[in-house]
Amino acid sequence: MNATVAMILALAVGTYLFRLAGPALHGRVELPARVQELLSAGAIVLLAALLATGALTESGGFAGWARPLGVLVGGGLAWRRAPFVVVVLGAAGTAAVLRAVGVA
Amino acid sequence: MPRPSTFTTPRDLIRDASLVWLASGIVGVSFGAIAVAGGLPVWVPVVMSLVVYAGSAQFSAVGVLLAGGGPIAAAATGLLLNTRTAAFSLAIADTLGPGRLTRLLGAHLVTDETVAFALAQADPVRRRRAFWVSGIGLFAVWNLGVLAGALAGGALGDTATYGLDAAFPAVLVALILPTLRADPRIRRCALLGAALALAVTPTVPAGVPVLLALAGLVLHGRKEASA
């Protein structure tokens, strides 16, 4: 069990250090406006990649049809400027209904 | 109104965030239940959720442990998945607020969801509020959910039945679509980045695809944004 404790601690400390990168540098290093702009764009790019891989893949393979179709419905609702709640419930509801009728 | 799908008042923020809290709470319950059902003692998922506090990394680390991969592989997998939080924390460093303690505490709340909530706001005050409100709530429900799941076991069943796996990508769609719509430069970068991430997903370890997506930034021209 000591190995598990060490694993949790290593993961916790490492993750916290990643998270501290921004706040630790903030105020000490004056980032050029261009870098700041790229960081903001980079965060959106990361979120978009998470969204794409999260919608389409599972453990390195295709996630099946129900999930991406659900996300697609959510995306369509978001495009039509539907409220946040409608977007999220629309996506989850579509995936749930598709699975209930046998679509993986 | 340019962004009717994102919150403009504290009430709207709490309404939208509570949906993410609810979904995260249920995922937390399933994390606790999976870890305990796999043979780990109750304290492992509970302590891990408090100190690591990163859903995908926790699932992966526990998955590696339960598959017999060993603690070093488990920690490495989780850390690789969490490298993206360094980029997130740099992007929202000035959002956390003034004061050393605020920044030390806020750093722990940097997650995909809280960053997405914060970046959906253009105004710095609203951005800070969105980060802290969504972050504190998320931390509370995630850990309570994990505790409940670890104690209750597999009562919830497979959360895919409720389509929860589709809810999280949809949350990201709802939060980043206004930015993608308004800024063609970021849109180009995001499309290329997402395509790269998808292309390499079958062949590289988990966590690497989204990092490679940052290569999409090559399409970010030098011209100043109209904002």
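Every chain is numbered from 1 and lettered A, B, ... according to where its sequence line falls, protein lines coming before strand lines. None of the values given here were measured: they were computed from a predicted structure. Below, each value reflects all heavy atoms present in this structure, side chains not excepted, and no hydrogens, waters or symmetry copies.
The greatest number of non-hydrogen atom pairs below 4.5 Å with chain B, out of Ala55(A), Ala24(A), Gly90(A), Gly74(A), is found for Ala55(A). Contacts with chain B were tallied for Val13(A), Thr15(A), Val86(A); Thr15(A) has the most, counting heavy-atom pairs under 4.5 Å. The greatest number of non-hydrogen atom pairs below 4.5 Å with chain A, out of Leu81(B), Ile72(B), Asp94(B), is found for Asp94(B). Between chain B and the options Leu39(A), Leu11(A), Leu72(A), the largest number of non-hydrogen pairs under 4.5 Å is found for Leu11(A). Put simply, of Val110(B), Val200(B), Leu196(B), Val115(B), the one with the most heavy-atom pairs under 4.5 Å next to chain A is Val110(B). For the options Leu19(B), Leu172(B), Ile186(B), heavy-atom pairs under 4.5 Å to chain A are most numerous at Leu19(B). Taking Val173(B), Val52(B), Asp165(B), Val51(B) one by one and counting their heavy-atom pairs under 4.5 Å with chain A, the maximum is reached by Asp165(B). By number of non-hydrogen pairs under 4.5 angstrom with chain B, the leading residue of Ala66(A), Ala95(A), Ala52(A), Gly93(A) is Ala52(A). The candidate from Gly75(A), Gly61(A), Gly22(A), Gly14(A) with the greatest count of non-hydrogen atom pairs under 4.5 Å with chain B is Gly22(A).
Within the 4.5 angstrom heavy-atom criterion, atoms from both the backbone and the side chain of Leu198(B) approach chain A. The parts of Ala160(B) that come within reach of chain A are both its backbone and its side chain, each placing non-hydrogen atoms under 4.5 angstrom from that chain. For chain B, the nearby part of Leu56(A) is the side chain; its heavy atoms alone come within less than 4.5 Å. Both the backbone and the side chain of Ala116(B) come within less than 4.5 Å of a heavy atom in chain A. In this structure, the portions of Leu104(B) lying under 4.5 Å from any heavy atom of chain A include both its backbone and its side chain. When heavy atoms are compared at a cutoff of 4.5 Å, Leu79(B) approaches chain A by way of both its backbone and its side chain. Contacts of Glu58(A) with chain B are absent, with no heavy-atom separation under 4.5 Å from either backbone or side chain. Contact of Arg187(B) with chain A is not made at all, since no heavy-atom distance falls under 4.5 Å.
Listed for the His108(B) side chain is a donor-acceptor partner under 3.5 Å among the backbone atoms of Leu50(B).
Taking the six-membered ring where tryptophan is involved, the planes of Phe31(B) and Phe59(B) are perpendicular, since the angle between them exceeds 60° and thus also 30°.
With Leu47(A) as reference, Ile176(B) is the one residue of Val210(B), Ile176(B), Leu180(B), Thr179(B) to meet the side chain to side chain contact (heavy atoms under 4.5 Å, CB included) rule.
Heavy-atom contacts from other residues, nucleotides or ligands closer than 6.0 Å to CG of Leu25(A) number more than 12.
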For the pair Leu192(B) and Val218(B), evaluate side-chain contact (heavy atoms from CB on, under 4.5 Å) and give the outcome as yes or no after the intermediate values.
-> CA-CA 9 Å; Leu192(B) 175 61; Val218(B) 295; 4.1 Å; yes

Report the C-alpha distance between Phe117(B) and Phe131(B) in whole Å, list the side-chain angles of each, state the deciding distance to 0.1 Å, and finish with yes or no for ring pair (Phe, Tyr, Trp, His ring centres under 6.0 Å).
-> CA-CA 6 Å; Phe117(B) 264 105; Phe131(B) 175 83; over 10 Å; no

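Annotation: side chain of Leu90(B) is not in contact with side chain of Phe18(A) (no heavy-atom distance under 4.5 Å). Using a 4.5 Å heavy-atom threshold, the side chains of Glu37(A) and His220(B) count as touching. Residues Leu20(A) and Arg103(B) fail the side-chain proximity criterion, which asks for heavy atoms closer than 4.5 Å. Using a 4.5 Å heavy-atom cutoff, the side chains of Leu51(A) and Phe168(B) are not in contact.
Residues Gln58(B) and Ser49(B) bring a donor and an acceptor atom of their side chains to less than 3.5 Å of each other.
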